[in-house]
J.: 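Take this structure, written in structure tokens, and hold onto it; I'll ask about it next.
Being a predicted model, the structure only gives us computed values, none of them experimental. Counting convention: from 1, in listed order, for ligands and their atoms alike.
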Amino acid sequence: MRRRPSASASPGAIQTETPDRHAPPEPVRLPFGGAPHTVRPLTLADTERLISFFKSHNEETVRLRYGYFFREMTRARARELVGVDQRKDLALAVFSVQPDGSEVIDAIGRYFLLEDGRTAEMAFVVRESKRRLGMAQALLQRLMDVAGRRGLTELTAQVQRENHGMIALFRRAGASVHSVIGADAVDVRLPVRPTTS
Ligand SMILES: CC(C)(COP(=O)(O)OP(=O)(O)OC[C@H]1O[C@@H](n2cnc3c(N)ncnc32)[C@H](O)[C@@H]1OP(=O)(O)O)[C@@H](O)C(=O)NCCC(=O)NCCS
């Protein structure tokens, strides 16, 4: 005669592990421009990679990403940007793998949780030579998935009014775009659907 798996389990009950809703996403391989790339959370070990990525930006990219121009990414600031608490905030990057096996950052998408605990502010930057390959869109999709799993209701962004590419991408994802009176920026609001997986 077969024994029940557990004396305390009710008959017919399926025992499942409770999913960790706040766990950062696992690395995945995705093709962009026909080449395989890795998408994974940034870690402190990526500090030098982030500094190299920043050095590849032209002035316009820095201004559009950070809202103003600055010349140098200090090691301290780079550590802050890669060393976020990935269970609360989220900082994902797309990496290409070089022939010697080393990784190079091609794109970053991140959000940080706002004080209300239900909304978060996003930012993206993609290497100039790797634009229009779908990297920002893939990162945005992941940010939305993780935000939905963590119970967030909305992702927001402040985007320069002239940044038509970023605004088009957000609109395509279902965002509403609002003018900010007296500012050069628009306010983007992207509703997040709760996800269970
Ligand atoms: C905006 C930015 C992140 C877009 O990254 P990307 O990887 O090139 O975007 P994707 O390839 O995922 O684009 C997806 C869709 O968004 C829209 N889009 C993206 N860039 C666009 C552009 N320059 N012009 C018009 N539409 C654009 C298109 O609909 C595009 O789909 P398609 O290529 O099939 O037409 C990138 O140009 C960038 O890093 N800009 C500088 C930094 C910045 O502006 N950051 C935003 C701060 S919040």
Side-chain angles (χ1 to χ4, degrees), residues 25 27-42 46 49-73 77-78 80-82 84 86 89-97 103-114 119-148 152-180 183-192:
V28 289
R29 298 278 276 175
L30 286 181
F32 294 104
H37 289 70
T38 304
V39 182
R40 64 165 173 81
L42 288 163
D46 296 311
R49 292 184 191 97
L50 183 84
I51 293 170
S52 301
F53 181 47
F54 180 83
K55 284 185 181 153
S56 79
H57 299 341
N58 63 29
E59 289 196 14
E60 192 192 29
T61 296
V62 174
R63 201 172 42 77
L64 290 174
R65 160 61 183 89
Y66 295 95
Y68 62 97
F69 177 67
F70 57 102
R71 210 162 285 285
E72 193 201 351
M73 172 63 69
R77 188 165 188 188
E80 273 174 27
L81 286 168
V82 296
V84 300
Q86 297 273 10
D89 302 323
L90 188 62
L92 300 179
V94 177
F95 296 84
S96 51
V97 183
E103 290 182 314
V104 169
I105 297 176
D106 283 332
I108 295 176
R110 63 172 64 240
Y111 75 57
F112 64 91
L113 196 64
L114 296 175
T119 59
E121 186 164 334
M122 312 173 268
F124 296 85
V125 59
V126 176
R127 183 179 290 276
E128 286 126 25
S129 60
K130 296 276 185 120
R131 302 236 168 119
R132 301 305 282 267
L133 298 178
M135 289 185 178
Q137 187 158 353
L139 288 167
L140 175 58
Q141 187 57 57
R142 275 172 174 66
L143 259 52
M144 290 170 71
D145 290 347
V146 172
L152 303 197
T153 54
E154 194 174 63
L155 292 173
T156 68
Q158 293 277 321
V159 184
Q160 312 265 318
R161 197 180 291 278
E162 81 220 38
N163 195 345
H164 303 293
M166 190 76 252
I167 293 171
L169 199 159
F170 281 141
R171 279 196 202 277
R172 241 169 75 160
S176 57
V177 177
H178 309 269
S179 295
V180 181
D184 291 338
V186 291
D187 186 30
V188 171
R189 305 203 154 263
L190 179 59
V192 171

J.: Partners of Q137 by side-chain hydrogen bond (donor to acceptor under 3.5 Å, both in side chains), sequence neighbours excluded?
T.: R172
J.: Please enumerate all residues that pass side-chain hydrogen bond (donor to acceptor under 3.5 Å, both in side chains) together with R65, with sequence neighbours excluded.
T.: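 Applying side-chain hydrogen bond (donor to acceptor under 3.5 Å, both in side chains) to R65 gives none.
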J.: Given 3.5 Å as the limit, does a donor-acceptor pair link the side chain of R110 with the main chain of L81, or not?
T.: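 A pair under 3.5 Å: yes.
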J.: Any nitrogen or oxygen of G134 lying under 3.5 Å from a nitrogen or oxygen in ligand 1? Just yes or no.
T.: yes
J.: Does any N or O in the side chain of R127 come within less than 3.5 Å of the main-chain N or O of F53, such that one atom is a donor and the other an acceptor?
T.: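 No; zero donor-acceptor contacts below 3.5 Å.
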J.: Checking a contact table here: which protein heavy atom is nearest atom 33 (O) of ligand 1, and how many Å away?
T.: R132 NE, 3.0 Å
J.: Side chains of S56 and I105: closer than 4.5 Å at any heavy-atom pair?
T.: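 Result no, sub-4.5 Å side-chain heavy-atom pair not found.
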J.: Under a 4.0 Å heavy-atom limit, does H164 contact ligand 1 with its side chain, its backbone, both, or neither?
T.: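 Neither; no heavy atom under 4.0 Å.
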J.: What residue and atom, counting heavy atoms only, is the protein's closest point to atom 18 (N) of ligand 1, and at what distance?
T.: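 Residue, atom and distance for the closest contact: G165 O, 3.6 Å.
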J.: Go through ligand 1 atom by atom and flag the ones less than 4.0 Å from a non-hydrogen atom of L133.
T.: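 Matching atoms, with element in brackets: 11 (O).
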J.: Of the backbone atoms (N, CA, C, O) and the side-chain heavy atoms from C-beta on, which set of N163 has a member under 4.0 Å from an atom of ligand 1: side chain, backbone, both, or neither?
T.: side chain
J.: Within a 6.0 Å radius of atom CG on D184, are there more than 12 heavy atoms belonging to other residues, nucleotides or ligands?
T.: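 No.
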J.: Considering non-hydrogen atoms of the protein only, which is the closest contact for atom 47 (C) of ligand 1, and what is the distance?
T.: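 I find the closest protein heavy atom is L64 O, 3.5 Å.
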J.: Which ligand 1 atoms, with their elements, are less than 4.0 angstrom from a heavy-atom of Q137?
T.: 12 (O), 14 (C), 15 (C)
J.: Any idea which protein heavy atom is nearest atom 13 (O) of ligand 1, and the distance to it?
T.: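 Residue, atom and distance for the closest contact: L169 CD1, 3.8 Å.
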J.: Looking only at heavy atoms, which two atoms of R161 and I167 are closest? And how far apart?
T.: O-CD1, 3.7 Å
J.: Minimum heavy-atom separation for G174 and P191, please, with both atom names.
T.: O-CD, 3.7 Å
J.: Suppose we measure from atom 42 (C) of ligand 1 to each protein heavy atom; which comes out shortest, and what is that distance?
T.: F124 O, 3.8 Å
J.: What are the atoms of ligand 1, with element, lying closer than 4.0 Å to any heavy atom of A136?
T.: 3 (C), 4 (C), 5 (O), 6 (P), 7 (O), 9 (O), 12 (O)
J.: Please indicate whether any nitrogen or oxygen in M166 is less than 3.5 Å from any nitrogen or oxygen in ligand 1.
T.: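 No, no N or O pair falls under 3.5 Å.
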J.: Consider every N or O of R65 and every N or O of ligand 1, then say whether any pair is closer than 3.5 Å.
T.: no
J.: Relative to atom 31 (O) of ligand 1, which among H57, E60, R172 owns the nearest non-hydrogen atom?
T.: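 Of the listed residues, R172 has the closest heavy atom.
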J.: Who's the nearest protein heavy-atom neighbour of atom 41 (C) of ligand 1, and how far?
T.: R131 NH2, 3.6 Å
J.: Counting only N and O atoms by type, is there a donor-acceptor contact under 3.5 Å from the side chain of E128 to the main-chain atoms of N58?
T.: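 Judged by distance alone, yes, a pair lies under 3.5 Å.
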J.: Around atom 39 (O) of ligand 1, find the nearest protein heavy atom and jot down its residue, atom name and distance.
T.: V126 N, 2.8 Å
J.: Closest heavy-atom contact between G33 and L133?
T.: CA-CD2, 3.9 Å
J.: Students often mix this up, so state it plainly: with edges at 30° and 60°, are the rings of F70 and F54 parallel, tilted or perpendicular?
T.: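 Because their plane-to-plane angle is under 30°, the rings of F70 and F54 count as parallel.
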J.: Quick one: does A157 get a heavy atom under 4.0 Å from ligand 1?
T.: no
